[in-house]
2 protein chains.
Amino acid sequence: MEIPEEIEDWIESIGGMERIIGNLPDEKSLENRSRTYKALSDPIRLKILHLLSMHPLCVCLIKQAVGISDSKLSYHLSVLKSAELIKGVRKRNWIIYEITEKGLRYVD
Amino acid sequence: MEIPEEIEDWIESIGGMERIIGNLPDEKSLENRSRTYKALSDPIRLKILHLLSMHPLCVCLIKQAVGISDSKLSYHLSVLKSAELIKGVRKRNWIIYEITEKGLRYVD
DNA sequence: TCACCATTTCAAGTTTTTTTGAAACCGCAA
DNA sequence: TTGCGGTTTCAAAAAAACTTGAAATGGTGA
């Protein structure tokens, strides 16, 4: 396999392809990061995240703001929650969702 | 619809639900952001991004580092490229991919 | 206990993304 | 030209994500 000279020199200088490959993040952390990004990869979910960055809210108000069906909202909340971007705490009849530290890093 | 008192007060204080909804990012920018995140939501693509953050590389070397088939690699490169996280420039027989400014913001 | 409200769960259907292998493309050198 | 290496494109199949409406859950107050 031929490769461009400039690149070949760089690889040489850095200690070979093995070294380069060794510098890549491990599978585990790539998986983790990609899972977070997947949770963020939907406009509805980004909207919810923004909303919750202003103040914790019950599902019924999130629903009012986002304008989708209960079960659809519930699905998206669960995606954000398993990515630990939001968390929900029960309060009487409601579940109040709030953004996490981690979630906050992805808004604005 | 009943809602928790503390939340009701907050909504009141900020000028009502309409004001809150008005503060959300517009659909367009939510779509854009979610599209970027979608491109980042795969471990293979994150790995490629990391790799290219070290140095521009031809497809054949990316392939060596990532260890997947040509067409699969090409697919993932195209996803990263349409999100403008990387760009490719032709050089003789090769196409050299390099990370963009934007791409750089998402590595490390 | 019962009925009710807010919310989640479930299963089925739909859409989108990813994988695969074969075929095509493109520039170059013989 | 012709052939070749490097890379992309294509179409079909597989897998994953999303949507839908109906049914279930779980706490609460009567």
Side-chain angles (χ1 to χ4, degrees), chain A residues 1-8 17 30-31 34-48 51-52 56-83 85-98, chain B residues 1-8 17 30-31 34-48 51-52 56-83 85-98:
Chain A
M1 179 187 61
E2 266 232 27
I3 62 175
E5 190 168 358
E6 192 269 321
I7 294 177
E8 190 158 34
M17 224 33 206
L30 291 171
E31 293 272 345
S34 69
R35 228 177 288 122
T36 298
Y37 285 132
K38 189 165 311 242
L40 292 164
S41 70
D42 182 294
I44 292 176
R45 294 198 289 268
L46 287 182
K47 191 184 275 192
I48 294 171
L51 192 59
L52 295 181
L57 291 172
C58 58
V59 176
C60 48
L61 284 171
I62 301 174
K63 173 175 175 175
Q64 199 179 124
V66 177
I68 57 179
S69 73
D70 286 340
S71 62
K72 190 169 174 178
L73 177 53
S74 210
Y75 167 71
H76 286 292
L77 288 172
S78 81
V79 172
L80 288 169
K81 193 165 124 192
S82 19
L85 295 163
I86 65 173
K87 66 182 178 191
V89 305
R90 179 137 224 149
K91 192 172 188 177
R92 291 190 47 205
N93 241 331
W94 306 285
I95 298 176
I96 314 293
Y97 280 96
E98 61 185 281
Chain B
M1 180 187 60
E2 265 231 28
I3 63 175
E5 189 168 2
E6 191 270 319
I7 294 178
E8 189 158 34
M17 224 35 206
L30 291 171
E31 293 273 344
S34 69
R35 228 176 287 122
T36 298
Y37 286 133
K38 193 172 305 251
L40 292 164
S41 70
D42 182 295
I44 293 176
R45 294 198 289 267
L46 288 181
K47 191 186 274 190
I48 294 172
L51 193 58
L52 296 181
L57 291 173
C58 57
V59 176
C60 48
L61 284 171
I62 301 173
K63 174 175 174 174
Q64 200 180 123
V66 178
I68 58 179
S69 73
D70 286 340
S71 62
K72 190 169 173 177
L73 177 53
S74 209
Y75 166 72
H76 286 291
L77 288 172
S78 80
V79 173
L80 288 169
K81 192 165 126 193
S82 22
L85 295 163
I86 64 174
K87 67 182 178 195
V89 304
R90 178 140 228 146
K91 191 173 189 177
R92 288 189 49 204
N93 240 332
W94 306 286
I95 298 176
I96 314 293
Y97 280 96
E98 61 184 281

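This one's a predicted model, so the numbers in the text were calculated from it and none came from an experiment. In what follows, chains are A, B, ... by sequence order, proteins preceding strands, each numbered from 1.
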Starting at atom [atom1] of [X], determine the distance to atom [atom2] of [N], rounded to an integer number of angstrom.
X      : N       : atom1 : atom2 : answer
E2(A)  : dG6(D)  : CD    : C1'   : 11 Å
I44(B) : dT20(C) : CD1   : C1'   : 13 Å
I48(A) : dC18(D) : CD1   : P     : 12 Å
K72(B) : dA11(D) : NZ    : C1'   : 18 Å
N93(A) : dG26(D) : CG    : P     : 13 Å
M1(A)  : dG5(D)  : CE    : C1'   : 12 Å
Y37(A) : dA17(D) : OH    : P     : 18 Å
W94(B) : dC4(D)  : CH2   : P     : 18 Å

In Å, rounded to the nearest 0.5 Å, how long is the span from [atom1] of [X] to [atom2] of [Y]?
X      : Y      : atom1 : atom2 : result
I68(A) : Y75(A) : CD1   : OH    : 11.0 Å
H76(A) : S78(A) : NE2   : OG    : 9.0 Å
D42(B) : K38(A) : CG    : NZ    : 6.5 Å
I48(B) : L77(B) : CD1   : CG    : 5.0 Å
L80(A) : L52(A) : CG    : CG    : 8.0 Å

Considering only heavy side-chain atoms of S71(B), the closest of dA22(D), dT20(C), dT7(C) is dT20(C)
Quick one: do V59(B) and W94(B) satisfy side chain to side chain contact (heavy atoms under 4.5 Å, CB included)? Show the steps, please.
CA-CA 7 Å; V59(B) 176; W94(B) 306 286; over 6 Å; no
Assign each of K91(A) and S78(B) to its nearest nucleotide of DNA chain D by heavy atoms, then name whichever residue's nucleotide is nearer the 5' end.
S78(B)
Comparing K38(B) with Y97(B), nearest DNA chain D nucleotide closer to 5' gives the residue Y97(B)
When you match H76(B) and L77(A) each to their closest nucleotide on DNA chain C, which lands nearer the 5' end?
L77(A)
Residue whose closest nucleotide on DNA chain C lies nearer the 5' end, R90(A) versus R45(B):
R90(A)
Assess the residue pair Y97(B) and L57(B) against the criterion (side chain to side chain contact (heavy atoms under 4.5 Å, CB included)); give the C-alpha distance rounded to whole Å, side-chain angles, the decisive distance to 0.1 Å, and a yes or no.
CA-CA 5 Å; Y97(B) 280 96; L57(B) 291 173; over 6 Å; no
Taking 4.0 Å as the cut-off, does a side-chain nitrogen or oxygen of R92(B) come that near to OP1 or OP2 on dG6(D)?
no
Axial bend angle, the helix from dT1(C)-dA30(D) to dA30(C)-dT1(D): five-pair end segments, nearest 10°:
10°
